[in-house]
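Sequence lines set the chain letters: A, B, ... in the order given, protein chains first and strands last, and positions in each chain run from 1.
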2 protein chains.
Amino acid sequence: MILNSISVDCVIFGFDKSGLKVLLNQIDREALQNALPKQASSDQIKQIYEKHPVLTQDNYWSLFGEHVPEQQDLDEFAKDLLFQATGLNDVYLQQINAFGSLDRVPYTRVITIGYYALINPDYYSLRQSNLAKSLQWFNLNELPTLCFDHEIIIQQALNKLRQEVMYHPVGFHLLSEKFTLTEIQSLYEVILNKKMDTRNFRKKLAKMELLIDSGEKQQNVAHRAAKLYQFDIQVYEKLKMEGLNFRIE
Amino acid sequence: MILNSISVDCVIFGFDKSGLKVLLNQIDREALQNALPKQASSDQIKQIYEKHPVLTQDNYWSLFGEHVPEQQDLDEFAKDLLFQATGLNDVYLQQINAFGSLDRVPYTRVITIGYYALINPDYYSLRQSNLAKSLQWFNLNELPTLCFDHEIIIQQALNKLRQEVMYHPVGFHLLSEKFTLTEIQSLYEVILNKKMDTRNFRKKLAKMELLIDSGEKQQNVAHRAAKLYQFDIQVYEKLKMEGLNFRIE
DNA sequence: GCAAAAGTGTTCGTTTTACACCCATGT
DNA sequence: ACATGGGTGTAAAACGAACACTTTTGC
């Protein structure tokens with residue numbers, strides 16, 4: 001049994017040099033048609049289509065989400081969804097909010113609980129499950145038209161991420177295990193939408209003592225190779241508790 | 001029609017010189033009995049009672065909450081509940097989280113959306129509606145035994161409030177329209193559970209330029225009367241956007 | 001006049017900001 | 001040898017922390 005009136009939607013964030021990305025799911029028109037109430041009159045359907053023009057396209061994009069099974073813990077279910085979409089298990093996953101406008105879904109009343117996840121780029125292309133064949137990464141500022149209120153959910157996810165990243169060391173979950181200082185800086189610049197000064201940024205990082213020099217360097221780059229760092233899990237746990245201040249400039 | 005599997009629960013915060021308070025609702029045993037599944041066997045009921053000992057008391061305390069009507073916006077419904085409980089309309093109200101453990105409610109599956117509200121003490125005793133006869137303020141560190149996971153919800157509400165109060169000027173919603181600097185300080189001390197230095201605290205406030213001297217003073221106090229301040233709504237709106245840093249010491 | 005809380009400034013160390021040049025690597 | 005991004009220091013200003021006494025009022 002599933003709970004008809006509750007769903008979970010996941011905003012799955014990734015990051016690479018071209019910026020912040022979201023993993024979206026393509027749904028075809030048929031799947032939607034089946035979801036419309038069987039006994040809906042053509043007038044009703046017309047109304048629904050007028051209100052939600054995206055539904056008349058041949059296919060459209062949405063967040064990865066599902067209705068919640070009656071017999072499953074909410075957070076567990078969100079983890080499962082994330083596993084279906086990415087094949088990953090230990091992922092940073094946070095609730096955003098519940099979205100409960102009356103008309104957010106056209107044909108029925110559904111309240112959705114939004115989650116956001118931060119995916120490490122070493123893994124995010126490894127797997128495309130059957131269920132997730134239709135998944136694709138989109139750059140945050142080149143989103144396709146999205147169904148329902150999913151654009152709002154993404155926007156709110158980004159707001160939460162911004163808040164979180166300024167005061168807790170979670171941004172690192174978007175980076176590979178080993179990363180360069182420039183990568184972290186550009187991550188922060190993209191998330192906070194703010195240019196930062198390299199020297200000051202590095203001083204701030206250094207003072208936290210969160211990073212360990214891995215001893216390795218970038219390979220095959222057409223310029224001076226940057227050092228690769230890892231982060232120190234003990235210090236990470238400490239900062240996760242205490243918080244940090246990453247409001248720069 | 002109501003949505004059986006979704007409820008809203010409100011953590012209603014108040015503040016006075018004895019500290020932070022929460023408004024709780026007393027439910028009697030009968031009301032609960034009626035809520036148990038009609039066809040439950042006595043064995044099932046016994047199990048439920050063992051798992052939730054609070055239910056065997058003659059009456060018990062809970063957050064003010066209800067199932068969500070199918071035809072009402074979620075946030076609107078939370079506002080309505082708050083109005084029922086307090087008679088107040090323009091109240092600072094924020095979502096906490098969705099709580100969705102499998103066994104959080106004994107007899108059925110209910111996911112609840114927690115909200116917290118900050119109530120201005122000028123008003124919170126003005127009205128006790130019929131519906132809200134059984135409401136009572138409890139000091140946060142003298143809570144009665146609560147049903148379900150309501151203690152956890154309160155704890156999470158407090159965490160959110162802490163986060164919020166450090167970086168946004170929302171704590172003021174817990175004060176009267178006019179208040180003294182000492183009141184604000186003790187508000188912050190209670191919420192953040194931290195003693196602060198009066199001179200440094202006042203300097204920090206002064207720098208924000210959030211407060212306006214109302215020209216009035218306390219009346220009938222057995223010591224030097226303190227100045228009463230109001231807050232400047234323009235500056236408030238600005239700080240709400242930009243954020244502020246109230247991490248002291 | 002005394003009890004109780006209000007109100008106020010200075011010093012010192014730390015943090016933040018602004019700013020420009022040389023270095024290492026691949027082609 | 002040149003293009004590309006990597007990496008570094010310093011000085012001035014702002015901020016945060018620590019700290020103690022005087023003022024006003026009611027009783």
* To do: Begin with the C-alpha distance, continue with both residues' side-chain angles, and end with the deciding distance and a verdict on side-chain contact (heavy atoms from CB on, under 4.5 Å) for Thr112(B) and Ile153(B).
  => CA-CA 10 Å; Thr112(B) 199; Ile153(B) 297 177; 3.8 Å; yes
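Note that the CG atom of Leu93(B) and the SG atom of Cys10(B) stand 6.0 Å from one another [nearest 0.5 Å].
One can place CD1 of Ile184(B) at 12 Å from P of dA6(C), the figure rounded to the nearest angstrom. If you measure from atom CZ of Arg202(A) to atom P of dG6(D), you get 7 Å, rounded to the nearest angstrom. Between Asp197(B) atom CG and dG9(C) atom P there is a gap of 14 Å when expressed in whole angstrom units. Look at CG on Leu205(A): it is 13 Å from P on dT8(D), rounded to the nearest Å. In this structure, the CZ atom of Phe246(B) is 14 Å from the P atom of dC15(D), given to the nearest Å. For Lys204(A) and dT14(C), the NZ to C1' distance is 13 Å, given to the nearest whole Å. Across the protein-nucleic acid pair, Asp213(A) atom CG and dT8(D) atom P stand 10 Å apart, rounded to whole Å. Counting to the nearest Å, the P atom of dG6(D) and the CD atom of Gln218(A) are 6 Å from each other.
Contacts classified as salt bridge (Lys or Arg N to Asp or Glu O under 4.0 Å) and involving residues 212-236 of chain B (residues at least two apart or in different chains) are given here: Lys178(B)-Glu216(B), Asp213(B)-Lys227(B).
Sorted by residue number, the members of residues 222-229 of chain A with any non-hydrogen atom under 4.0 Å from DNA chain C read Ala222(A), His223(A), Arg224(A), Ala225(A). Listed by residue number, there are no residues of residues 164-178 of chain A with a heavy-atom contact under 4.0 Å to DNA chain C.
Under the 30°/60° scheme for interplanar angles, the aromatic rings of Tyr167(B) and Tyr167(A) are found to lie parallel. Relative orientation of the Phe172(B) and Phe231(B) rings is tilted, given thresholds of 30° and 60° on the angle between their planes. Between Phe246(A) and Phe201(A), the angle of the ring planes lies from 30° to 60°, which puts this pair in the tilted group.
Aromatic rings of His173(B) and Phe13(B) (six-membered ring for Trp) have centroids beyond the 6.0 Å cut-off, not under it.
Put simply, the side chain of Asp75(A) does not reach to within 4.5 Å of the side chain of Lys79(A), judged on heavy atoms.
In this structure, Thr182(A) reaches the sugar-phosphate backbone alone: every heavy-atom distance under 4.0 Å involves primed, P, OP1 or OP2 atoms, never a base.
Residue side chain Arg199(B) reaches the base of dA20(D) through a donor-acceptor N/O pair under 3.5 Å, judged by distance alone. Under 3.5 Å, the side chain of Lys217(A) and the base of dT25(C) form no donor-acceptor pair of N or O atoms.
Under 4.0 angstrom from either OP1 or OP2 of dT16(C) there lies no side-chain N or O belonging to Lys203(A). Between Lys207(A) and dT16(C) there is a side-chain N or O to OP1 or OP2 distance below 4.0 Å.
Residues Gln230(A) and Ser214(A) come closest through the heavy atom pair OE1-CB, 3.6 Å.
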